[in-house]
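Worksheet: the structure to be examined is printed underneath.
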Amino acid sequence: QVQLVESGGGLVQTGGSLRLSCAASGSIFSIGDMGWYRQAPGKQRELVALINSGGSTNYADSVKGRFTISRDNSKNTVYLQMSSLEPTDTAVYYCKARITPAQARGVILNYWGQGTQVTVSS
């Protein structure tokens with residue numbers, strides 16, 4: 001069974017930095033796009049950053065220049081380096097990966113992590 005496990009959230013002051021990690025484990029044949037999303041209280045979940053298997057990236061306008069997404073394919077892990085954090089970045093951050101399970105080749109499924117809280121104090 002495939003699962004995504006996130007780590008690295010916490011409380012930080014305005015202007016601070018955090019690094020989130022998300023590791024995929026289980027019976028995996030291949031991993032395509034990986035990404036980070038966030039959901040603030042009372043708001044819809046929104047895309048923060050995406051990275052494909054080749055390393056190409058996309059960012060939400062609100063985080064461009066402050067956040068950097070990267071991945072280590074040998075570890076099935078995606079990272080989100082967050083700098084110059086602002087109170088508006090406060091949210092639960094979720095990772096998502098498009099994965100082909102080893103026992104279902106030819107099928108691509110979306111998997112989500114459990115979420116990690118990021119709180120930025122003013």
Exercise. Side chains of Gln117 and Thr119: do they bring a donor and an acceptor to under 3.5 Å?
Worked result: yes

Exercise. Once you round to the nearest 0.5 Å, how far does OG of Ser70 lie from CG of Leu80?
Worked result: 8.5 Å

Problem set entry | Contacts of type salt bridge (Lys or Arg N to Asp or Glu O under 4.0 Å), residue Asp33, not counting sequence neighbours | none

Exercise. Taking everything shown except Gln13 itself, do over 12 heavy atoms lie less than 6.0 Å from its CD?
Worked result: no

Exercise. If you group Ile, Leu, Val, Met, Phe, Trp and Tyr by side-chain heavy-atom gaps below 4.5 Å, do Val48 and Tyr94 land in one group?
Worked result: no

Problem set entry | Donor-acceptor contact present, side-chain Ser17 to main-chain Ser83, <3.5 Å | no

For this session: Kindly confirm or rule out a cation-pi arrangement of Arg19 over Tyr79, judged by NZ or CZ under 6.0 Å from the six-membered ring centre and within 45° of its axis?
Result: yes

Exercise. Taking all atoms of both residues into account, what is the closest heavy-atom pair of Glu6 and Gly113, and its distance?
Worked result: OE2-CA, 3.2 Å

For this session: Could you go through the side chain to side chain contact (heavy atoms under 4.5 Å, CB included) check for Asp61 and Tyr59 one step at a time?
Result: CA-CA 6 Å; Asp61 288 343; Tyr59 296 92; over 6 Å; no

Problem set entry | Ile69 and Arg71, any side-chain heavy atoms less than 4.5 Å apart | no

Exercise. Does the side chain of Val118 reach to within under 4.5 Å of the side chain of Thr90, using non-hydrogen atoms?
Worked result: no

For this session: Mind listing the closest non-hydrogen atom pair of Tyr111 and Pro101 along with its distance?
Result: OH-CG, 3.5 Å

Problem set entry | pair Phe67-Trp36: side-chain heavy atoms closer than 4.5 Å | no

Exercise. Where do Ala91 and Ala40 come nearest, in terms of heavy atoms and distance?
Worked result: CB-N, 3.8 Å

Problem set entry | Distance-minimising heavy-atom pair for Ser27 and Val2 | O-CG2, 3.7 Å

Exercise. What pairs of residues pass the disulfide (SG to SG under 2.5 Å) test when at least one of them lies in residues 29-73, not counting sequence neighbours?
Worked result: none

Exercise. Between Thr100 and Val107, is there a donor-acceptor pair closer than 3.5 Å when you use the side chain of the first and the backbone of the second?
Worked result: yes

For this session: Please check if the side chain of Ser62 supplies one atom and the backbone of Ala60 the other of a donor-acceptor pair under 3.5 Å.
Result: no

Problem set entry | side-chain hydrogen bond (donor to acceptor under 3.5 Å, both in side chains) assessment of Arg38 paired with Tyr93 | CA-CA 4 Å; Arg38 67 186 181 187; Tyr93 284 70; 2.9 Å; yes

Exercise. Val92, Leu47: one ILVMFWY side-chain cluster at the under-4.5 Å cut-off?
Worked result: yes

Exercise. Among the clusters formed by ILVMFWY side chains lying less than 4.5 Å apart, do Tyr37 and Met34 turn up in the same one?
Worked result: no

Seminar exercise, completed: Heavy-atom closest pair (Leu20 atom, Gly9 atom, distance to 0.1 Å) is CD2-N, 3.6 Å

For this session: Supply the atom-to-atom distance Asn73 CG to Ser53 OG, rounded to the nearest 0.5 angstrom.
Result: 7.0 Å

Exercise. Is Trp112 reachable from Leu50 through a run of I, L, V, M, F, W or Y residues, each pair having side-chain heavy atoms under 4.5 Å apart?
Worked result: yes

Problem set entry | From CD (Gln114) to OG (Ser7), nearest 0.5 Å | 8.5 Å

For this session: Give the minimum heavy-atom separation between Ile31 and Ile28, together with the two atoms involved.
Result: CG1-CG2, 3.7 Å

For this session: Step by step, work out the side chain to side chain contact (heavy atoms under 4.5 Å, CB included) result for Glu86 and Arg66.
Result: CA-CA 10 Å; Glu86 305 166 352; Arg66 300 188 298 121; 3.9 Å; yes

Exercise. According to a 4.5 Å side-chain heavy-atom criterion applied to Ile, Leu, Val, Met, Phe, Trp and Tyr, with indirect links allowed, do Leu4 and Leu109 form part of one hydrophobic cluster?
Worked result: yes

